[in-house]
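Data first, discussion second: the structure below is written as structure tokens.
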Amino acid sequence: MKRTHHCCELTDADVDKKVVLMGWVQNRRDHGGVIFIDLRDREGITQVVFNPGVSKTAHEKAGEIRNEYVLGIKGTVIPRPDDMINPKRKTGAVEVMVDELSIFSKAETPAFQIEDRIEASESIRLQYRYLDLRRQQLKNNIMTRHKAATAVRNYLDQNGFIDIETPFLTKSTPEGARDYLVPSRVNPGEFYALPQSPQLFKQLLMIAGFDRYYQIVKCFRDEDLRADRQPEFTQIDMELSFVDEKQIMTVAEGMIVEIFKKVLDMDLVTPFSQITYDQAIERFGLDRPDLRFGLELINVSDIVKDAGFKVFANVVKNGGLVKAINAKGCATFTRKQIDELTDFAGVYKAKGLAWIKIKEDTWQSPIAKFFTDEEKDALKNRLDLQPGDIVFFVADQPKITNEALGQLRNELARRLELVSNDTYEFVWVTHFPLVEYDETEKRYQALHHPFTAPLEEDMEKLSTDPASIKSRAYDLVLNGIEIGGGSIRIHSSELQQKVLKCLGIDDKEANEKFGFLLTALKSGAPPHGGIAFGLDRLIMLLCKEDSIRNVIAFPKTQKATCMLTQAPSKAATAQLQELAIKINKIEE
RNA sequence: GGGGGUGUAGUUCAGUUUGGUUAGAACGCUUGCCUGUCACGCAAGAGGUCGCGAGUUCGAGUCUCGUCACUCCCGCCA
């Protein structure tokens, strides 16, 4: 028996053909006389029929068939009478009358039903992932991922990019995420680190003269998991020589356009909009603004700086920020809803959430009484307050005010259903700060990574005021989610050393950790830069999923375990001895 | 490291508020009947460590404490 068709392709045009299909039993309907089987393969479902009048042996054998058995059937495509056509199915106009049946494999009753409308808990689905992957939704997600990856490869190939593999067994780099370590047997006591990204290798490839590199590559970070974070995840990583920000963005936009065309058959408009980091924080509170809706943050610090409401006045006096969001027409919010929003803001360290409901001729609010008429007028004008509105205030240190109100903005949009899954709003966020002061470690830390070039005009501030330097880094944000980020890199060894020094890494440490890069930069490095996209997140958005686990074939749980293989697991004593590793007593 | 949610039949859940007879439903499964179903139908049946452990009580799925797993979030993730 040799397969002639997939279970998706038979139509009226195939009537009377002898065909062979192979696949899994989706469903069995035994009418005593006639037996219907929905046969499923990767591509779709076709109904096959066993009729004792056509083949007595096949019909008898079909009696023992159960769900998820693996079959091969040979038969004739026959048309269905008009009143028996199933319009819900692509192949619903025909069916295959079987005259020969082969049962390749029996199957135990699956732990959960292989049907999209049946919900199973995620842990049971992860435990039997191969069954879960049989379901249409998950299968579609994986197919979408394949389509997107293929679109990426074709696009980048056509644009002169070369696919080059970089090592997984590599060197631990300071800063950034916690590394996954791999012990070296032949060098007892020493460890490789799995790459958090191929950053340094792709820069070395530029120095080597490959001009344009790309890779769809696994990256590893040993940090706590989230719905959109796995310990191993996939990047579309690329690097280009002799380019500036604009050229990289253009290439990246072209790639995104290609993905959306190939996967969703959607035509995106380019160029994508751009906003500077400072503007994004000012207007949206976050460095990854969701532009699908308004509700912008408005600074009212100057208006309330002398207000009788001491919370506001004191915050401004101490260098803080008072900002507000006017939720138009939402004065109907109940006390309970406001309390929930206050708790929500509290998650982001806001100490409170002040509010004013604008009524026809009065302001209903615990804080309205503290404002003078002038202050009220100023607020009214600045915030465009009209009857029926409710306005929320956060007053705190700038970082907290922006973060809390920015998150509140997203939450309000969710609650008010201002966001549509079918809208895709891209925005480039540019001019990130180069560094950020780390209060706990009492030193500056790179916001992007230590190899990001500072803006030319900010260069002289390296030794005087690092925090005010803007970098040549950019993120691509889609619907409030960062899907990619990159920068123009430093291509001068001297500048690289200066930046490392600024980050508190002295020459000795720099040489130990990045000596090879500093040396390479002295060997003739082209100006270069690049960008990396989180493939999992991108596919998650394309599939309208809430978690990247649903677009990864074999994802890990929140405790970074694999429910299918039970990894990680204990190593044999002999293995550990070979690796010169001793395990500290772990309480059982 | 911290906060929230969930855990009862193979699966998804109800039952827990207010402790009390034999822990229910749907789907799935098994058996029988059925020649036009496609969420087939009809009839019968099997199926439970109420996550685990301790405690309170005459009595615990239900209350208390601990613990484990899954999950969402904060911290963390250049």
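Quantities reported herein were computed from a predicted structural model and do not represent experimental measurements.
- Atom-to-atom, CG of A:D228 to C1' of B:C76 comes out at 13 Å; the value is rounded to the nearest Å.
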Could you list the donor-acceptor pairs under 3.5 angstrom formed between side-chain atoms of residues 193-200 of chain A and any protein atom two or more places apart in sequence or on another chain?
unit_1, atom_1, unit_2, atom_2, d
A:Q196, OE1, A:A177, N, 3.1
A:Q196, NE2, A:A177, O, 2.7
A:Q196, NE2, A:D179, OD1, 2.6
A:S197, OG, A:Q199, N, 3.2
A:Q199, OE1, A:H449, NE2, 3.4
A:Q199, NE2, A:Q203, OE1, 2.9
A:Q199, NE2, A:H449, NE2, 3.4

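- For A:R28, there are no side-chain hydrogen bond (donor to acceptor under 3.5 Å, both in side chains) partners two or more places apart in sequence or in a different chain.
- B:C63 and B:C72: their C1' atoms are spaced 28 Å apart (whole Å).
- Across all strands shown, A:T561 has heavy atoms under 4.0 Å from sugar-phosphate atoms exclusively, and none from any base.
- You'll find that the side chain of A:R29 is closest to B:U37, out of B:C70, B:G75, B:U37.
- Remark: the A:T166 side chain and the A:Q215 side chain contain an N/O donor-acceptor pair separated by less than 3.5 Å.
- Counting to the nearest Å, the C1' atom of B:C38 and the CG atom of A:L10 are 16 Å from each other.
- In this structure, a donor-acceptor pair under 3.5 Å is absent between the side chains of A:Y277 and A:D475.
- For the pair A:R221 and A:L225, both in contact range of RNA chain B, the more 5′-proximal nearest nucleotide belongs to A:L225.
- With a cut-off of 3.5 Å on both pairing distances, B:G19 has no Watson-Crick or G-U wobble partner at all.
- Using a 5.5 Å limit on the distance between ring centres and a 30° limit on the angle between planes, the aromatic ring of A:F112 does not count as stacked on the six-membered base ring of B:U11.
- Atom CD1 in A:I124 sits roughly 12 Å away from atom C1' in B:A69 (whole-Å rounding).
- Residue A:S121 places none of its side-chain N or O atoms closer than 4.0 Å to OP1 or OP2 of B:U6.
- Residue A:N67 places none of its side-chain N or O atoms closer than 4.0 Å to OP1 or OP2 of B:G28.
- At a threshold of 4.0 angstrom between heavy atoms, the contacts of A:Y348 are confined to the sugar-phosphate backbone, with no base atom among them.
- Listed pair A:R66 / B:U31 meets the phosphate criterion, a side-chain N or O lying under 4.0 Å from OP1 or OP2.
- Between the P atom of B:U71 and the CD atom of A:E545 lies a distance of 15 Å, rounded to the nearest Å.
- For A:R28 and B:U37, the shortest distance from a side-chain N or O to OP1 or OP2 is not below 4.0 Å.
- Checked against B:U30, B:U71, B:G75, the side chain of A:D224 finds its nearest nucleotide in B:G75.
- A donor-acceptor contact under 3.5 angstrom links the side-chain atoms of A:Q47 to the base of B:U37.
- Comparing A:A446 and A:P110 along RNA chain B, the residue whose closest nucleotide (by nearest heavy atom) sits nearer the 5' end is A:P110.
- Pairing for B:U64 is with B:A54, a Watson-Crick or G-U wobble pair whose two hydrogen-bonding atom distances lie under 3.5 Å.
- The side chain of A:R117 sits closest to B:A39 out of B:G36, B:C77, B:A39.
- Using a 30° and 60° split on the angle between ring planes, A:Y474 and A:W428 fall in the perpendicular class, above 60°.
- Straight-line distance from the CD atom of A:E68 to the C1' atom of B:C29: 14 Å, rounded to whole Å.
- Looking at the side chain of A:R226, the nearest of the listed nucleotides B:U37, B:U11, B:C74 is B:C74.
- Closest to the A:M97 side chain, of the nucleotides B:U71, B:U31, B:G36, is B:G36.
- With a 3.5 Å ceiling on both atom-pair distances, the Watson-Crick or G-U wobble partner of B:A43 is B:U31.
- Side chains of A:M238 and A:I531 form a contact here, defined as non-hydrogen atoms less than 4.5 Å apart.
- Distance from the side chain of A:R80 is smallest to B:G36 among B:G36, B:C74, B:C77.
- Where stacking is scored as ring centres under 5.5 Å apart with planes under 30°, A:H31 registers as stacked on the base of B:C40.
- For A:N51 and B:G36, the CG to P distance is 11 Å, given to the nearest whole Å.
- Distance noted for atom P between B:A23 and B:A46: 14 Å (whole Å).
- Counting heavy-atom neighbours within 6.0 Å of A:E417 CD, excluding the residue itself, gives a total of 12 or less.
- For B:C70, its base never sits under 3.5 Å from the side chain of A:R125 at any donor and acceptor pair.
- On the C1' atoms, B:C70 is 22 Å away from B:C65, given to the nearest whole Å.
- Taking the side chain of A:K88 as heavy atoms from C-beta on, and the options B:U71, B:C76, B:A39, the nearest nucleotide is B:A39.
- Closest to the A:D30 side chain, of the nucleotides B:G10, B:C34, B:U37, is B:C34.
- By the 6.0 Å contact criterion, NZ on A:K139 is enclosed, its count of non-hydrogen atoms from other residues, nucleotides or ligands being greater than 12.
- One C1' atom belongs to B:C34, the other to B:U16, and the distance between them is 44 Å to the nearest Å.
- B:U57 and B:U62 are spaced 13 Å apart, taking the C1' atom of each and rounding to whole Å.
- Using a 4.0 Å heavy-atom distance criterion, A:P52 is classed as a base contact.
- Residue A:E119 is in sugar-phosphate contact alone, with no base atom involved, counting any heavy-atom pair closer than 4.0 Å across all strands shown.
- If you take atom P in B:A9 and the same atom in B:G47, they sit 15 Å apart, rounded to whole Å.
- The partner of B:C70 is B:G5, judged by Watson-Crick or G-U wobble contacts that both fall below 3.5 Å.
- Closest approach to the A:A111 side chain among B:G75, B:G10, B:G36 is made by B:G10 (side chain taken as heavy atoms from C-beta onward).
- Summarising the geometry, the separation between CD on A:Q113 and C1' on B:A9 is reported as 14 Å, rounded to the nearest angstrom.
- Nucleic acid contact class of A:E95 (heavy atoms, under 4.0 Å, all strands): base.
- Pair assignment for B:A25: B:U12, on the basis of Watson-Crick or G-U wobble contacts that are both within less than 3.5 Å.
- No option in A:R40, A:Q26, A:Q113 other than A:R40 meets the side-chain hydrogen bond (donor to acceptor under 3.5 Å, both in side chains) test with A:E68.
- Contact annotation: A:K559 side-chain N/O to B:C70 OP1/OP2 distance is not under 4.0 Å.
- Within the nucleic acid shown, A:R549 comes within 4.0 Å of sugar-phosphate atoms alone, with no base atom in reach, counting heavy atoms only.
- Distance check on atom P: B:G59 versus B:A14 gives 29 Å, rounded to whole Å.
- Using a 4.5 Å heavy-atom threshold, the side chains of A:V217 and A:F168 count as touching.
- Nearest nucleotide to the A:T557 side chain, out of B:U71, B:G36, B:C29: B:U71.
- As a whole-Å value, the separation of A:I114 CD1 from B:U12 P is 13 Å.
- Taking the P atoms as reference points, B:G5 lies 41 Å from B:C42, given to the whole Å.
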